[in-house]
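Report on the following structure.
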Amino acid sequence: MMLKNKAALIFCCCCLFVFTSCTNEHSVLWDDAEQLYLNKEYENSIKVLHSITIKFPNTEYAAQAKYLLADIYLNEYNEYNIAIDYFTEVINDFPMHELAKKSLFTLGYIYGNYLDAYTDAFNSYTLFINKYPNDPLVSSAQYEVENLKPFLDTIEKLKNN
């Protein structure tokens with residue numbers, strides 16, 4: 001009986017060690033990625049962020065890593081399509097996360113202001129308004145939708161001619 005208790009205790013300690021190690025690794029990798037980003041070492045930050053998304057795909061850290069990857073590609077490299085892919089991953093993989101909301105709004109912004117993809121911008125902003133009606137950014141999304149309407153009307157007229 002005593003041997004079973006010792007074995008159970010050892011097993012519990014090992015599980016706790018493994019759990020603590022994983023938690024620490026999440027944190028260490030995230031801290032490294034953030035520091036590299038702040039030091040403008042974007043390529044190295046991207047590598048660490050990728051490793052977070054691979055090692056810990058369903059964690060808070062993965063959501064943050066994908067969002068920061070999108071942000072880097074958007075703001076540091078002007079790689080809009082890559083940024084769109086990462087923002088879309090945040091939305092699809094973490095639909096209840098606060099970063100999914102920010103990602104959806106940012107998609108509208110990228111489509112409307114960088115890619116002149118007015119229909120995609122309209123759809124993103126409209127989805128944002130419908131999905132998050134009480135969010136403080138709704139007024140900004142509504143403003144963007146109103147500004148898109150002349151472009152959409154022109155597109156519609158061109159399609160009908």
Side-chain angles (χ1 to χ4, degrees), residues 22-161:
C22 288
T23 302
N24 287 339
E25 188 177 0
H26 284 111
S27 180
V28 168
L29 286 173
W30 176 251
D31 290 345
D32 288 348
E34 276 189 312
Q35 193 59 52
L36 290 164
Y37 174 75
L38 293 173
N39 291 338
K40 299 183 186 224
E41 295 180 46
Y42 303 121
E43 292 297 322
N44 290 327
S45 181
I46 287 170
K47 289 175 187 174
V48 175
L49 292 167
H50 275 291
S51 71
I52 292 170
T53 65
I54 292 166
K55 288 182 178 183
F56 311 105
N58 300 314
T59 65
E60 169 74 18
Y61 290 98
Q64 293 174 323
K66 288 181 180 189
Y67 188 85
L68 185 53
L69 282 163
D71 188 68
I72 291 170
Y73 282 109
L74 173 63
N75 294 310
E76 308 307 332
Y77 294 116
N78 298 325
E79 291 287 346
Y80 306 118
N81 290 317
I82 297 172
I84 286 170
D85 289 343
Y86 280 112
F87 284 127
T88 302
E89 284 186 33
V90 173
I91 293 164
N92 293 336
D93 296 347
F94 305 95
M96 304 308 288
H97 199 286
E98 181 71 19
L99 293 175
K101 187 186 326 181
K102 290 180 178 180
S103 295
L104 182 55
F105 184 87
T106 306
L107 282 180
Y109 187 82
I110 293 169
Y111 286 132
N113 293 287
Y114 294 114
L115 299 179
D116 298 332
Y118 303 121
T119 303
D120 290 330
F122 178 84
N123 292 338
S124 296
Y125 285 130
T126 302
L127 180 58
F128 180 88
I129 293 164
N130 292 332
K131 199 168 184 180
Y132 308 108
N134 299 319
D135 191 85
L137 285 175
V138 165
S139 60
S140 295
Q142 289 170 331
Y143 174 81
E144 294 292 338
V145 165
E146 287 302 314
N147 286 335
L148 288 168
K149 284 184 180 176
F151 296 107
L152 297 173
D153 291 342
T154 301
I155 292 169
E156 195 60 38
K157 287 177 186 173
L158 291 171
K159 284 183 356 185
N160 290 331
N161 286 337

Between atom [atom1] of [X] and atom [atom2] of [Y], what is the distance when rounded to the nearest 0.5 Å?
X: Ser124; Y: Leu104; atom1: OG; atom2: CG; value: 6.0 Å
X: Thr88; Y: Leu107; atom1: OG1; atom2: CG; value: 4.5 Å
X: Tyr86; Y: Asn81; atom1: OH; atom2: CG; value: 13.0 Å
X: Lys102; Y: Ile91; atom1: NZ; atom2: CD1; value: 13.5 Å
X: Ser103; Y: Ile84; atom1: OG; atom2: CD1; value: 11.5 Å

Indicate yes or no: at least one non-hydrogen side-chain atom of [X] is less than 4.5 angstrom from one of [Y].
X: His50; Y: Leu69; result: yes
X: Phe105; Y: Ile129; result: no
X: Tyr125; Y: Leu148; result: yes
X: Glu156; Y: Leu152; result: no
X: Asp32; Y: Trp30; result: no
X: Glu25; Y: Phe56; result: yes
X: Gln64; Y: Leu99; result: yes
X: Ile72; Y: Ser45; result: yes

Closest non-hydrogen atom pair, [X] against [Y]:
X: Ala70; Y: Ala83; value: O-CB, 3.5 Å
X: Ala100; Y: Pro95; value: CB-O, 3.9 Å
X: Asn78; Y: Asn75; value: OD1-O, 4.4 Å
X: Ile52; Y: Ala65; value: CG2-CB, 3.9 Å
X: Ala63; Y: Val90; value: O-CG2, 4.1 Å

**Proximity of Tyr37 and Tyr42 rings by center, below 6.0 Å** = yes
**Request:** Mind checking side-chain contact (heavy atoms from CB on, under 4.5 Å) for Asn44 and listing every partner two or more places apart, or none if nothing turns up?
**Result:** Leu36, Glu41, Lys47
**Message:** Among residues at least two apart in sequence or on other chains, which ones pass side-chain contact (heavy atoms from CB on, under 4.5 Å) with Thr154?
**Reply:**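 Partners of Thr154 by the side-chain contact (heavy atoms from CB on, under 4.5 Å) criterion, ordered by chain and then number, come out as Leu158.
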**Prompt:** Going by the angle between their ring planes, with limits at 30° and 60°, are Tyr61 and His26 parallel, tilted or perpendicular?
**Reply:** parallel
Hey, can you pull the donor-acceptor pairs under 3.5 Å for the side chains in residues 131-145, sequence neighbours left out?
| from | atom 1 | to | atom 2 | distance (Å) |
| --- | --- | --- | --- | --- |
| Asp135 | OD1 | Lys101 | NZ | 3.0 |
| Asp135 | OD2 | Leu137 | N | 2.8 |
| Tyr143 | OH | Asn147 | ND2 | 3.4 |

**Item:** Audit row: Phe122, Phe151, ring pair (Phe, Tyr, Trp, His ring centres under 6.0 Å) steps and yes/no
**Value:** CA-CA 10 Å; Phe122 178 84; Phe151 296 107; over 10 Å; no
**Message:** Going by the rule side chain to side chain donor-acceptor pair (under 3.5 Å), which residues pair with Asn160 if we only count those two or more places apart in sequence or in a different chain?
**Reply:** none
**Fill in**
The side chain to side chain donor-acceptor pair (under 3.5 Å) partners of Tyr73 (sequence neighbours excluded) come to none
**Asked** How far apart are the C-alpha atoms of Thr53 and Lys66, what are their side-chain angles, what is the distance that settles it, and do they pass the side-chain contact (heavy atoms from CB on, under 4.5 Å) test?
**Response** CA-CA 7 Å; Thr53 65; Lys66 288 181 180 189; 3.7 Å; yes
With a cut-off of 3.5 Å and sequence neighbours excluded, list every side-chain donor-acceptor pair involving residues 110-119.
| from | atom 1 | to | atom 2 | distance (Å) |
| --- | --- | --- | --- | --- |
| Asn113 | ND2 | Tyr109 | O | 3.1 |
| Asp116 | OD1 | Tyr118 | OH | 3.2 |

**Asked** Run the side-chain contact (heavy atoms from CB on, under 4.5 Å) check on Asp71 and Thr106 step by step: do they pass?
**Response** CA-CA 10 Å; Asp71 188 68; Thr106 306; over 6 Å; no
**Asked** For Tyr67 and Phe94, what are the C-alpha separation, side-chain angles and deciding distance, and is it a side-chain contact (heavy atoms from CB on, under 4.5 Å)?
**Response** CA-CA 11 Å; Tyr67 188 85; Phe94 305 95; over 6 Å; no
